[in-house]
Structure formats: C-alpha cells, structure tokens
> 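One structure, as structure tokens, below. Some questions next.
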Protein chains: 2
Amino acid sequence: MTVGIRHDEMRKRNRAMVIAAVRQADRPSRTHIARVTGLSHSTISAIAADLIEEGIMREAPPGEAAAPRRGRPQIAIAPDPNAARVVCLLLSFNSLSAVLVDYCGAPIARHSHRLPTLALSREELMGATVEAVRKVTAGHGPILRIGVAVQGIADSAGKEMLWSPITPHANVSLGPVLEETFAVPVTVHNDSNLIAVALRWRRPERYRDNFVAILLSHGIGMGLVLDGHMFKGEHSSGGEFGHMNHRPDGPLCRCGKRGCIEAYAGNYAIWRRAHGKSPMEKPVADIDASEMEALANAARDGDARAREAFREAAEALGYGLGNLFALIDPAPIAVVGQGTTAFDLLEPEIRRYLAQTAGGQHADAISFEAESNEVPLIEHGCAMTALTSLDREYFAPALHLALPVGAPRREDVA
Amino acid sequence: MTVGIRHDEMRKRNRAMVIAAVRQADRPSRTHIARVTGLSHSTISAIAADLIEEGIMREAPPGEAAAPRRGRPQIAIAPDPNAARVVCLLLSFNSLSAVLVDYCGAPIARHSHRLPTLALSREELMGATVEAVRKVTAGHGPILRIGVAVQGIADSAGKEMLWSPITPHANVSLGPVLEETFAVPVTVHNDSNLIAVALRWRRPERYRDNFVAILLSHGIGMGLVLDGHMFKGEHSSGGEFGHMNHRPDGPLCRCGKRGCIEAYAGNYAIWRRAHGKSPMEKPVADIDASEMEALANAARDGDARAREAFREAAEALGYGLGNLFALIDPAPIAVVGQGTTAFDLLEPEIRRYLAQTAGGQHADAISFEAESNEVPLIEHGCAMTALTSLDREYFAPALHLALPVGAPRREDVA
DNA sequence: CTCATTTTTTCGAGCCTCGAAAAAAAGAAT
DNA sequence: ATTCTTTTTTTCGAGGCTCGAAAAAATGAG
C-alpha cells in the first residue's frame with residue numbers, strides 16, 4: 001500500500017519535479033518549467049526562489065542563444081555547480097577509476113589506475129576503492145554521495161557486489177565500507193544499467209520509456225528500461241541477458257553453466273571458437289581488444305573458423321533478443337562496448353536469427369545503434385544516478401527535515 | 001515528465017487510497033484505514049464521510065466477528081454494492097460467458113454459452129460479445145464498465161485483441177464496438193494477466209510484488225508481476241512466455257514459428273509427441289481434458305512415449321523458467337489450468353532442468369503452487385480490474401469533475 | 001451508575017497551490 | 001527620447017486540504 005499524500009509531501013514532490021525539469025531541459029526559464037510540470041507560474045516562482053535562496057539552483061545566462069524577442073527576457077535557471085559534489089567509481093577488470101563531479105555533472109577531478117583485481121583479497125579490493133575516493137576528493141571539500149559502477153551483479157539495494165568476473169570474491173560489501181569511511185550514502189550499480197541511464201539522458205528522443213542497452217565485451221551485459229523504469233530484480237541488479245540459455249548442454253560459460261548466450265557471444269567465447277579450442281575449455285580471463293580486432297578482420301577476409309565463431313555469436317544473440325522480445329515488446333537496442341567493432345559482422349546474422357523467433361515478428365523494424373566506447377557512458381550514467389538521488393533525497397525533503405551543509409533553509413537565512 | 005501535484009490532485013489520490021484500503025482490508029474501521037494509509041484520523045473521517053454521502057461506501061456490520069472490546073466499537077466500512085455494476089466477459093475457445101458484478105465484486109447474474117469461435121466471422125464474433133452483455137444486463141440497470149478476458153494477445157491500451165488462437169482474425173476491435181454500443185469504457189485483457197491479478201487479491205502474502213502465473217493449457221500463457229506492477233509490453237499485453245524459443249528448429253508451434261516452449265509444453269504438443277506424430281504436424285485445434293488425463297495416466301503407468309512427451313514438456317518449461325529467472329530474479333510461481341493435473345509428472349523434471357540454467361541457481365528455493373481451474377481466477381481478476389478502474393477514474397476524480405449516475409456529489413445532495 | 005477506554009468527529013491553524021493583477025524588462029513604434 | 005507592446009516574473013488574496021488537539025460518542029469494567 002502506497003502511503004497517503006500529506007501536505008509537506010506535496011511540496012516535496014513539486015520541488016523534486018522542478019529540479020528534474022531543470023536537469024532535463026538545458027537552463028530552462030520559469031515559464032518553461034511551468035509548462036512542462038503543469039504547475040502554475042506562481043508555484044514555480046515560489047519554488048524557484050526557495051531553491052535559489054538555498055543555493056541549490058542559480059540564475060544563469062540563457063542557454064542556446066535565445067533569439068532576442070520582444071518582452072521581458074527569460075531568466076534561465078541551472079543547478080548551482082557548487083551545491084554539491086559526488087564521486088563516481090568505476091571498477092572493472094584490472095582497473096579502478098574515480099571521478100569527482102559537481103552538481104551540474106561536470107567532472108572536477110579524475111584519478112584512475114590499474115590494479116590486479118583478480119589477485120586482490122577482499123580487503124585489498126575494498127581498500128583500493130577507499131583510497132581512490134580519498135585521492136580524487138583531496139583538497140576539494142566534502143562530498144555528498146558516492147556511486148560505484150561494477151562489472152557483474154549488484155544487489156538491488158545497491159550495497160554489495162554480489163558477483164563479479166573481476167574478482168573471485170562474492171558479496172563484496174563495497175557500500176557499507178565506503179559509507180562508514182566517508183559518512184555519505186553509497187550505491188553500487190551494474191555497469192550496463194548505468195549505460196542505459198546515460199543513454200536516456202543523452203538521447204531521450206530514442207531511448208526513453210522502453211529500450212535495451214546491450215554491452216558486448218568480454219562478457220555480455222544488459223540494461224533494460226521498461227515503462228520508463230530501470231529494470232531491476234527483487235534481490236539483484238537483474239537482467240542477466242548474457243546468462244539466458246541458448247542451447248542446453250552448449251559450451252562452458254564463465255558462470256560455470258553451459259550454453260549461456262555469453263558462452264557464444266562473449267569475447268572469450270568468440271576467441272575460443274575461432275581458435276578451435278574445445279567448447280568446454282575454461283574461458284580465459286581477458287583478451288586484448290587488438291586481438292579481437294584481428295579476429296574480426298580475419299572473418300571479414302573470409303577465414304572460415306572466425307566467420308563461424310561470429311556467426312554462432314550472432315545466432316545466440318539473435319535468439320536471445322527474440323526471447324527477450326517475446327516477453328517484452330520489441331524496443332530500440334543500443335549495442336555498446338568493444339564487441340561493437342565487429343558489429344558489421346554480427347548485425348545481419350542477428351537479424352536473420354531474430355526473425356525466426358516469435359519476438360522477432362517484425363525483425364526489420366527493430367533498430368540497432370552501436371557505440372564502441374562504454375566507459376564515458378558508464379561514467380555519465382553513474383554521475384546522473386548519484387545526482388538525481390541527491391535531488392530527491394537531499395534537495396527535495398519535507399521542509400521540516402534537516403538540509404545538508406551548504407543549503408541553508410529559507411527560514412535560517414531570513 | 002510526470003506532472004506536478006496540484007491541490008485537487010492530492011484529494012483525489014487520498015480518496016483513491018482510502019477506497020483501495022477498503023477493498024484490500026475486509027471492512028476496515030476508519031482507524032484501520034488511517035493506520036495503513038498514514039493519513040490522519042481527521043482526514044480519513046472527512047473522506048469517509050464524503051464517500052458515504054456519495055453512495056460509494058457504506059457503514060457495515062464489522063467483518064470478522066470483532067471480539068467485543070472496551071471502548072467505542074469500530075464502525076466497519078465497505079463498498080456499497082449498489083454504487084456500480086460492471087460486466088466481465090470471458091472469451092475463450094468455443095465459449096463465451098458474461099458475468100454481471102456489483103461494486104463489491106459479487107456476481108449478480110451470469111450467462112454463458114458455447115459458440116464455434118473458429119468459424120465465426122469478425123462481425124459475428126463481435127456481435128456475440130455485444131449480445132452476451134445485453135443478456136446479462138437485461139433488467140439490471142446501467143453498468144459503468146466492461147472488462148473482457150481473452151485467450152491471446154491484447155494491445156497494451158486494452159482495446160483490441162491483436163491475436164488469438166480462438167479465431168483466424170487479427171486485430172479484433174472488441175473495445176471500440178462494445179464502447180460504442182454500451183457507452184461505457186471497455187478494456188480487453190489477456191487471461192493470464194488476469195489470473196495474476198486474481199492471485200494478488202486472493203493470496204497477497206504469497207503473490208504480491210514479484211511472482212509468475214503460468215497457464216498450462218492448450219497453449220501456454222503467463223502473467224508476470226514485477227515490483228508490484230502487472231507487466232505489459234509497450235504495444236501488447238506482453239509476456240509471451242510460451243513463445244520464447246526453446247530449441248532452434250524445434251517442433252512446429254501454433255504461432256507458425258518453430259521450437260517455442262508451447263510447441264513442447266502445450267497440450268497439443270504433448271499430445272502430438274505422445275501419439276508419435278511428426279513434430280512438424282500442424283497442431284490440432286483442441287483436445288479434450290479427459291484425453292490429456294488419459295495421457296498423464298499412461299505416463300504414470302510407464303508408457304514410454306507418454307513419459308517422454310511430458311519429459312520434453314518439462315524440459316522446455318524448466319529451461320524457459322530458467323531464462324526468465326536470468327532476466328528477473330526467481331519469484332514464486334503459480335501454475336494454473338488443465339495442464340496442472342499432470343503437474344506431478346512435470347514438477348520434478350522442471351526443477352531438474354531449471355537447475356541447469358543460470359536463473360535456476362537456487363532451484364530448490366523456487367516454489368510452485370498449482371491450481372487446476374483457471375476460470376474462476378480469470379473471472380475474479382477481470383472483475384477486480386474493472387472495479388479498481390472505477391475506483392480510480394469515477395470515484396476518485398478531481399472534485400469538480402462530473403460523477404457518474406448513482407453517485408451524487410455532496411453539493412448536489414446538500 | 002461512574003470510570004476507563006477506544007473510536008470518531010469537530011475545529012482552528014498552517015501550508016500549499018491557484019488565478020488575477022501588478023511589476024519588470026526588454027523591443028517596436030512614433 | 002518617449003510611449004506602446006509583449007512577454008516573463010512576482011505579488012497577493014482566496015480557497016482547499018491535512019494536521020493535531022480536543023471534544024464527543026459509544027461501550028465494557030468496576
């Protein structure tokens with residue numbers, strides 16, 4: 001049972017709505033905010049005045065060179081970059097990077113280094129993340145939140161990394177450790193989910209209420225947005241598309257099961273097949289991008305084994321997408337990551353197999369878009385997730401709750 | 001962008017919340033409503049007074065023999081059965097039934113008859129539904145809404161039957177025809193989705209935020225509730241679990257594709273396999289329940305072909321559920337329909353195959369519950385869907401909107 | 001018959017949003 | 001240069017809603 005709406009709740013929601021409108025439009029005027037939120041000008045005026053006085057928003061020069069028109073010029077409103085700072089951590093195979101981001105989403109500082117994730121103990125891994133946050137925040141004042149993007153599965157509450165290919169340890173409690181150390185809320189996210197978040201911010205006209213983001217890389221990841229909501233499981237970050245079964249008793253997957261889509265379409269699987277290894281051979285830990293490029297080129301040049309490896313990858317992906325689309329209606333697909341450099345080889349075959357499934361009824365109407373570098377997307381998604389959490393939890397509270405440092409309440413100031 | 005909350009919107013929502021609380025609890029007191037909604041006693045008192053004055057609710061003798069306690073006795077509140085009536089239509093293979101239901105959900109009148117759905121023209125089919133509504137409402141005053149439950153796929157707006165095995169016609173516009181004839185809102189639903197709705201009302205302690213309802217019958221249907229929301233596609237009623245692909249190039253499915261789960265686990269598939277027919281033989285239209293019972297008994301008695309048919313059905317279901325659970329986290333499963341009479345044969349095998357998939361990690365923790373008769377569930381789900389729509393759209397409007405006949409507004413009365 | 005207890009209603013205070021009108025800020029017209 | 005137009009933003013009073021506290025109601029216990 002959802003809880004009833006009380007009076008302060010109403011203000012809270014409308015504040016949140018105004019903040020969201022400011023983030024979505026680029027420096028909108030009050031009039032524009034009133035239009036998109038459906039609230040009256042007077043209400044927007046009041047809320048905007050509050051937000052500005054509290055240091056959350058500020059008036060700014062108008063965005064896209066507004067053609068000088070008759071009448072009182074619009075006053076653009078933008079988030080105040082100094083209202084808050086958050087840290088985004090990106091943890092992936094042999095690599096950890098941290099970015100300090102201002103309240104507008106612009107990076108302030110950046111720090112990344114390589115580390116042998118597979119070899120680290122649980123404590124060393126957590127210690128490294130703590131250290132990365134320390135380094136990137138050094139000399140930049142307090143932060144209000146930390147977001148962590150991980151390869152692998154997070155729990156739905158965003159506190160732990162339940163499983164990840166980058167480490168032998170399960171249930172790594174990154175959230176609690178960072179929360180205790182830095183005394184700010186921390187959430188751990190699956191990287192593919194964050195890619196979907198980023199696509200939503202970058203291309204809302206294409207990626208809005210229903211779409212699929214697929215990460216083709218060493219493994220296969222998926223972020224799914226349904227009905228405008230990021231899709232998550234009850235316990236885990238969910239959406240393990242790569243571990244749907246393609247063929248019972250198929251090749252060995254990194255997860256230990258057999259016949260997963262990833263065991264056909266992950267880099268290691270394509271590499272294993274193209275090199276004529278046994279399908280039951282244990283997946284190698286990592287493969288250089290250049291090596292995958294070479295395989296793709298071999299396939300383009302007609303190398304039979306390489307062609308077959310990519311064909312089988314496409315078959316698994318095609319049937320997998322078909323099965324997904326049997327459950328949800330077909331939706332725009334974004335394909336992201338290193339694997340997209342061979343997408344010219346994959347796409348026609350994917351479409352061919354997709355057309356053979358019930359979900360692929362109108363396979364030719366299904367559209368793919370590829371983007372090879374996933375890292376900026378993950379970072380962007382992580383930042384926006386952290387910032388919108390701030391928007392909701394810190395900057396749109398019921399008014400009698402305490403506000404964070406740097407955001408004095410109207411009454412406190414007057 | 002969600003729209004802002006205005007003042008009348010607040011009242012509307014809180015009214016809706018109170019009505020929902022009354023439906024969910026059995027004849028709650030005002031105090032109970034205040035507790036579950038989180039609203040104050042004064043607010044509940046005011047809203048309840050409005051609802052009673054408008055004829056939507058009424059005070060009723062307390063529900064479950066409240067032990068006589070000290071203090072002022074609670075006054076139970078219940079929906080006024082006379083506030084509205086709705087019609088539920090159940091359209092399935094060779095059968096059409098209509099139920100007239102009061103605002104409490106109790107059936108007032110019922111009418112059903114057999115008709116050769118496969119042979120009917122589009123117009124005859126629609127005409128039959130109109131006639132069924134006429135018959136069941138005759139002499140009972142006006143209705144406020146019609147819900148239609150169909151085997152097959154509805155569009156997400158609930159206006160059309162996009163595809164159904166019971167008729168050769170696609171895109172049958174049941175909604176518009178009935179809406180025009182009876183001048184009330186009409187929604188068309190997939191039957192499996194309604195089963196899920198009914199389970200939610202009947203067993204909220206087990207079926208609430210995340211669960212799967214599987215309909216095992218001539219075909220395979222699925223209703224999926226995720227995060228408390230009925231799962232639907234963007235265009236269709238969605239969740240075509242039965243048409244996920246089990247084996248590329250597998251047996252011929254009723255949908256025309258090959259290797260769908262249904263082509264292994266639907267009654268027609270089990271029958272085809274057990275009778276040694278070719279996997280590519282066109283599925284028969286219908287199979288008598290007694291014949292399926294006989295097959296199940298043969299399998300129990302050790303008949304090899306029958307055993308194998310059920311084993312293959314279980315394999316397809318097991319892998320299919322595993323794939324589903326790779327996407328969503330495992331959730332309680334309700335298995336409904338004629339096919340459950342053989343569930344003793346299926347369940348152990350389903351678990352065995354499920355355990356071989358990534359989604360079946362903890363296969364032994366996944367629980368099944370079977371219920372053989374789906375019709376009462378579909379009817380119940382259809383009724384509750386229609387009634388809760390009324391609750392929201394008619395009985396919790398912004399106050400300056402018109403109210404339907406039979407529910408005079410406070411001002412009109414005073 | 002009075003007291004204790006629990007539920008329900010009443011009442012005034014405090015917020016919030018809204019519409020209308022006023023104020024502000026520019027370009028256009030004279 | 002000054003006045004008109006147009007558009008945006010702010011101000012202000014009205015109305016509606018929820019809340020907490022207190023009162024009223026209804027019953028069992030003593």
Side-chain angles (χ1 to χ4, degrees), chain A residues 3-18 27-53 57 59-63 66-77 396-401 409-411, chain B residues 3-18 27-53 57 59-63 66-77 396-401 409-411:
Chain A
V3 86
I5 301 181
R6 307 157 52 147
H7 230 140
D8 46 355
E9 183 78 7
M10 182 163 65
R11 202 11 161 350
K12 172 176 174 169
R13 290 207 195 187
N14 286 342
R15 276 173 67 105
M17 192 119 355
V18 169
R27 284 179 280 174
S29 66
R30 290 168 175 78
T31 307
H32 180 259
I33 299 173
R35 194 166 50 242
V36 299
T37 58
L39 296 168
S40 72
H41 287 184
S42 8
T43 302
I44 300 301
S45 191
I47 291 178
D50 283 357
L51 292 173
I52 289 169
E53 201 158 89
M57 297 285 156
E59 301 191 337
R69 284 183 310 155
R70 216 162 172 180
R72 178 172 177 174
Q74 303 186 341
I75 307 170
I77 296 187
L399 282 181
H400 49 79
L401 294 181
R409 286 175 53 207
R410 186 171 208 168
E411 295 84 343
Chain B
V3 85
I5 301 180
R6 306 157 52 148
H7 229 142
D8 47 353
E9 182 78 4
M10 181 164 65
R11 206 358 158 7
K12 173 177 174 168
R13 290 206 195 188
N14 286 343
R15 277 172 68 105
M17 191 120 353
V18 169
R27 283 180 280 176
S29 67
R30 290 168 175 76
T31 306
H32 180 259
I33 299 173
R35 194 166 50 241
V36 298
T37 59
L39 296 168
S40 72
H41 286 185
S42 5
T43 302
I44 300 301
S45 190
I47 292 178
D50 283 357
L51 292 173
I52 289 169
E53 201 158 272
M57 297 286 156
E59 299 189 339
R69 285 183 308 154
R70 212 160 175 183
R72 180 173 175 172
Q74 303 186 341
I75 307 170
I77 296 188
L399 282 182
H400 48 81
L401 295 181
R409 286 175 51 209
R410 183 168 209 169
E411 296 82 346

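Computed from a predicted model, the values in this text were never measured in an experiment. So that the names make sense, note that chain A is the first sequence line, chain B the second, and so on, each numbered from 1.
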> When you measure from the side chain of B:Ile75, which nucleotide among C:dT8, D:dT9, D:dT18 comes out closest?
C:dT8
> How close or far is atom P of C:dC18 from atom CE of A:Met10, stated in whole angstroms?
8 Å
> Apply side chain to side chain contact (heavy atoms under 4.5 Å, CB included) to residues A:Leu51 and A:Val18 and explain how you reach the verdict.
CA-CA 9 Å; A:Leu51 292 173; A:Val18 169; 3.9 Å; yes
> Once you round it to whole Å, what is the distance between C1' of C:dT8 and CD of B:Gln74?
11 Å
> Applying a 4.0 Å non-hydrogen cut-off, can you work out what A:Ile44 is touching in the nucleic acid: base, sugar-phosphate, or nothing?
nothing
> Find the distance B:Arg30:CZ to C:dT9:C1' and express it as a whole number of Å.
9 Å
> Taking the side chain of B:Ser45 as its heavy atoms from C-beta onward, which of C:dT9, D:dT8, C:dC16 lies nearest to it?
C:dT9
> How close or far is atom P of D:dT10 from atom CG of A:Leu51, stated in whole angstroms?
12 Å
> Short question: side chain of B:Thr43, backbone of B:Leu39 - any donor-acceptor pair under 3.5 Å?
no
> Identify, with sequence neighbours excluded, every residue that meets side chain to side chain donor-acceptor pair (under 3.5 Å) alongside A:Ser45.
none
> Are B:Arg13 and A:Glu9 within salt-bridge range, i.e. N to O under 4.0 Å?
no
> Only one of A:Arg35, A:His41, A:Gln74, A:Glu59 clears side-chain contact (heavy atoms from CB on, under 4.5 Å) with A:Arg30; which?
A:Glu59
> Does OP1 or OP2 of D:dC17 have a side-chain N or O of B:Asn14 closer than 4.0 Å?
no
> Looking at every heavy atom in both B:Ala76 and B:Arg27, which two are closest together, and how far apart are they?
CB-O, 3.5 Å
> Could you give the CD1-to-P distance, from A:Ile52 to D:dT9, as a whole number of Å?
10 Å
> Quick one: A:Asp50 CG to D:dT10 P, roughly how many Å, whole number?
12 Å
> Could you tell me the separation between the NZ atom of B:Lys12 and the P atom of C:dT17, rounded to a whole number of Å?
18 Å
> Would you say A:Thr43 reaches C:dC18's phosphate, i.e. side-chain N/O to OP1/OP2 under 4.0 Å?
yes
> Among D:dT18, D:dT9, C:dT8, which is the nearest nucleotide to the side chain of B:Ile47?
D:dT18
> Please report the closest heavy-atom contact between A:Arg11 and A:Ala46, naming both atoms and the distance.
NH2-CB, 3.7 Å
> At under 4.0 Å between heavy atoms, how does the protein contact nucleotides 20-30 of chain C? Give one character per nucleotide, 5' to 3', with B, S or -.
---BBBBBS--
> Atom CD1 of A:Ile77 to atom C1' of D:dT9: distance rounded to whole Å?
10 Å
